[in-house]
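All remarks here apply to the structure that follows.
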2 protein chains.
Amino acid sequence: MSIDTDPAEAARQARAEQRSAQLLEAAARLMDRDGPESVSMQSLATEAGVSVGLIYRYFGGKDELLLAVILNVLDAFGTEVPKAMDEAGEDPVHRLAAGVRALCEVIDDQRYAVVLTYRATKQLSPEGRHRIMELELSTMEPLREALRAGQKSGAFEVIDVDLETYNVLLLTHSWALKHWYYERRYTVEEFATMQTAIALRALIPPRQRRKYAALLGNAGA
Amino acid sequence: MSIDTDPAEAARQARAEQRSAQLLEAAARLMDRDGPESVSMQSLATEAGVSVGLIYRYFGGKDELLLAVILNVLDAFGTEVPKAMDEAGEDPVHRLAAGVRALCEVIDDQRYAVVLTYRATKQLSPEGRHRIMELELSTMEPLREALRAGQKSGAFEVIDVDLETYNVLLLTHSWALKHWYYERRYTVEEFATMQTAIALRALIPPRQRRKYAALLGNAGA
DNA sequence: CCATGAAATGAATCTAGATTCATTCGCAGT
DNA sequence: ACTGCGAATGAATCTAGATTCATTTCATGG
């Protein structure tokens, strides 16, 4: 806001960004390879090719680092999901389907981070945890909106918007949570397609089934 | 098998059982009150009113203790779910509904333990983890069976039995996983009823809807 | 070529707990 | 009352990491 006049300062900022990104990437690699618990300041430093002390120049502590990893995915959700939904047009059914698919893709790309969301309670500050909950809820907002729109237009028959929205999110999260099980059965593609069909079947009333047969899967009607 | 001749030995066994149960209960209380991470050997000892050292007489270490907590719920699942399903009769739809409800009840009763299932990876031995996965899968077996039966009889239209079975389990787990969200919105009762309806809507094809209107919730058809 | 300060290092320090074990307690059998 | 033994204690020890900070390296401007 007031520093962008200094080119040297800008350069510093840029380098800092880069370092911080480098660390987050190393953390991602580490989690992907050896699981989220394997991230110690030491192992992270080694993986990133820097010294332990340096990490503290870019993150206040381990908690901030983990928080950053999580905020990263939530951010991706917040960007990718609305984008995909908007590209899908107006129809709430197609919008929801697009949202689910986008979620699956981001999740596949950052499985470890999604898992962290369910685990990192210990190492996270209460404020951090709170922030995550808030963000998760706002992430769901577009989905919730689609449900409401579909409900109004009669495309969906909804029992409880809040519950069913969260259910949809969970179905996608399960790709990360139960990856050891799904991994050898489905590709992300298949997974996304099936979960979409399943979620929609729960929402679309009989009379609308024919119209969306393509999304509802094999048997169709 | 060969010690049950000694009454003194039997008494010892009984006391040991009791202690071990006492410890598990204390752990449960602690987790329920302050979250799963709050269980340290110290805090557990204090909560149970014993000394730290004593815990090691009954459990090999913290990992064994946590494993025991988890095996406890999985055991309850293995007992309660089939029981409820059998009491529900032959119809796969009613069997599934009964299973879901039973799951919700056990989960509500041991929320902390379900959450542990998703978290304790670090502190658990690989064998322990493996055992948990196996048990979780066998827990699902009755549900899977109901899906298959319903599929055969035409009551269910299933896209993929494995996936949809796990989905049902997840929907119930979410009572524990997202309790901070659901807590102030629904009672377990409401939650169980709605999740049942939602799960069934995804499974029951249009032509069967009328028959199970009661389970499918408000609007019914 | 030097002075300056930011960037980076990593050994030393701290901390939170888990685990051990020498000691004490309490009771059953004599 | 006394002996022996399993039960119980909890202070001392160990461990795994997280965090700090005195020191070194590097780049930049003069």
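No hydrogens, no waters, no symmetry mates; every other heavy atom, side chains included, goes into these values.
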In whole angstroms, the gap separating P of D:dA7 from CD of B:Gln22 amounts to 14 Å
Checking all strands, does B:Phe59 fall into the base, sugar-phosphate, or nothing category for heavy-atom contacts under 4.0 angstrom? nothing
Check for a donor-acceptor pair, side chain of B:Ser20 on one end and backbone N or O of B:Ala16 on the other, with a separation under 3.5 Å. no
Collect all protein-nucleotide pairs involving nucleotides 14-17 of chain D in which both atoms are nitrogen or oxygen and the distance is under 3.5 Å.
none

Per nearest nucleotide of DNA chain C, the residue lying toward the 5' end, B:Gln123 or B:Gly53, is B:Gln123
Between atom CD1 in B:Ile55 and atom P in D:dG10, what is the gap in whole Å? 12 Å
May I ask you to say what B:Arg57 touches in the nucleic acid, namely base, sugar-phosphate or nothing, with a heavy-atom cut-off under 4.0 Å? base
Sequence neighbours left out, what passes ring pair (Phe, Tyr, Trp, His ring centres under 6.0 Å) with A:Tyr166? Give chain and number order. B:Tyr181, B:Tyr182
Would you indicate which nucleotide in D:dT9, D:dA7, D:dA8 comes nearest to any side-chain atom of B:Arg15? D:dA7
Among A:Ile159, A:Asp160, A:Val161, A:Thr165, which residue meets the side-chain contact (heavy atoms from CB on, under 4.5 Å) test with A:Leu163? A:Asp160
For the residue pair A:Gln110 / A:Asp32, report whether a side-chain donor-acceptor contact shorter than 3.5 Å exists. no
Degree of bending, the helix from C:dC1-D:dG30 to C:dT30-D:dA1 (end axes from five pairs; round to 10°): 0°
Round to a whole Å and report the spacing from CG of A:Leu44 to C1' of D:dA18. 12 Å
Closest listed nucleotide, where the reference is the side chain of B:Leu54 and the choices are D:dT19, C:dA8, D:dA8: D:dA8
Looking at B:Tyr58, I'd like to know whether one of its side-chain N or O atoms comes within less than 4.0 Å of OP1 or OP2 on D:dA8. yes
Residue A:Arg33 excluded, over 12 heavy atoms near CZ under 6.0 Å: yes
Over 12 non-hydrogen atoms of neighbours within 6.0 angstrom of CD in A:Glu17: no
In terms of side-chain heavy atoms of A:Tyr56, which of C:dA18, D:dA8, D:dT19 is nearest? D:dT19
Tell me, yes or no, whether the heavy-atom count around A:Arg131 atom CZ, taken from other residues, nucleotides or ligands under 6.0 Å, exceeds 12. no
Output yes when B:Glu136 and A:Lys178 qualify as a salt bridge under the 4.0 Å nitrogen-oxygen rule, no when they do not. yes
Is any NZ, NE, NH1 or NH2 atom of the basic residue among A:Glu134 and A:Arg129 found under 4.0 Å from an Asp or Glu carboxylate oxygen of the other? no
Name the closest nucleotide to the B:Val52 side chain, picking from D:dA8, D:dG10, C:dA8. D:dG10
Residue whose closest nucleotide on DNA chain D lies nearer the 5' end, B:Ser51 versus A:Gln42: B:Ser51
